[in-house]
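Given the structure is predicted, the values throughout are model-derived calculations rather than measurements. The basis for the numbers below is simple: all heavy atoms, side chains too, and nothing from hydrogens, waters or symmetry mates.
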Amino acid sequence: QVQLAESGGGSVATGGSLRLSCAPSGFTLLSGCMGWFRQAPGKEREGVFGVFARSGSEEYADTVKGRFTFSQDNTENTLYLQMNSLKPEDPAMYSCAVEGFRPASMVVDVNGANGFGYWGQGTQVTVSS
């Protein structure tokens, strides 16, 4: 059974940094596709990063490109999202999700969250001005 646990959210000032973690059990990156999503109150869920390890493909949403960076620790089977230069438009509940075959580019497309069957509980990110 696949389970995901996110951590690392918090409150930072504009321009600050946070590193989110996603620790999956029952899933490794080679098992399929992983995505980081965020949803702010009253807004649609947005895919900010997707990775499909078997093809080596990664994709960042334009809204975070150059500021967010994905990494992984295979020893700990933990996935990270380093978020730098946080902006007032970045606050949201951030969640990781995994699924089988899915191109990374689909994660950051409209409705990219559709079809992801396994989700973590999310971690809240707040950015103060």
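At a threshold of 4.5 Å between side-chain heavy atoms, the hydrophobic network of Ile, Leu, Val, Met, Phe, Trp and Tyr places F116 and V51 in two separate groups. Y118 and L29 fall within a single hydrophobic cluster, where Ile, Leu, Val, Met, Phe, Trp and Tyr side chains are chained together by heavy-atom contacts under 4.5 Å. Linking Ile, Leu, Val, Met, Phe, Trp and Tyr whenever their side-chain heavy atoms come within less than 4.5 Å leaves Y60 and V107 in two separate clusters. Hydrophobic clustering of Ile, Leu, Val, Met, Phe, Trp and Tyr side chains at less than 4.5 Å, counting indirect connections, unites V48 with M34. Follow the hydrophobic side-chain contacts under 4.5 Å out from F70 and you reach L86 in the same cluster.
Outside the 6.0 Å centre-distance limit, the rings of F37 and F49 are not counted as a close aromatic pair. If you look at W36 and F68, their ring centroids are not closer than 6.0 Å.
The nearest pair of heavy atoms linking A92 to A40 is CB-N, 3.8 Å. Taking every heavy atom of both residues into account, E46 and T63 meet most closely at OE2-OG1, 2.8 Å. Shown here for P88 and P91, the closest heavy-atom pair between the two residues is O-CD, 2.8 Å. Heavy atoms only, all atoms of each residue included: S31 and R54 are closest at O-NH2, 3.4 Å.
A heavy-atom distance below 4.5 Å is not found between the side chains of T69 and L81. Annotation: side chain of V64 is in contact with side chain of R38 (closest heavy-atom distance under 4.5 Å). Looking only at side-chain heavy atoms (C-beta outward), M83 and V125 come within less than 4.5 Å of each other. The shortest side-chain heavy-atom distance between Q72 and T28 does not fall under the 4.5 Å cut-off.
To the nearest 0.5 Å, the span separating CG on L18 from CD on Q124 amounts to 11.0 Å. Note that CD of Q1 is 8.0 Å distant from OG of S25, once rounded to the nearest 0.5 Å. Atom CG of residue N114 and atom CD of residue E99 lie 11.5 Å apart, to the nearest 0.5 angstrom.
Applying the under-4.5 Å side-chain rule to Ile, Leu, Val, Met, Phe, Trp and Tyr, the cluster around F52 extends to F101.
At most 12 non-hydrogen atoms from other residues, nucleotides or ligands lie less than 6.0 angstrom from CD of E44.
Listed by chain and residue number, nothing satisfies the ring pair (Phe, Tyr, Trp, His ring centres under 6.0 Å) test with F27 (two or more places apart in sequence, or in another chain). Residues satisfying the salt bridge (charged side-chain N to carboxylate O under 4.0 Å, His left out) test with R67, not counting sequence neighbours, are D90.
Using modelled atom types and a 3.5 Å distance limit, the side chains of T78 and D73 yield no donor-acceptor pair. In summary, the side chains of Q82 and S71 do not present any donor paired with an acceptor at a separation below 3.5 Å, with no hydrogens or angles considered.
Within the 3.5 Å criterion, the main-chain N or O of P24 finds a donor-acceptor partner in the side chain of N77. T126 places no side-chain N or O within donor-acceptor distance of the main-chain N or O of S11, the cut-off being under 3.5 Å. No donor-acceptor distance shorter than 3.5 angstrom exists from the side chain of Q39 to the backbone of Y94, with no hydrogens or angles considered. In this structure, the side chain of E59 does not engage the main chain of A104 through any donor-acceptor pair within 3.5 Å. A donor-acceptor pair under 3.5 Å is formed between the side chain of E6 and the backbone N or O of G122.
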From CA spacing to verdict: side-chain contact (heavy atoms from CB on, under 4.5 Å), T123, S7:
CA-CA 6 Å; T123 185; S7 60; 5.5 Å; no
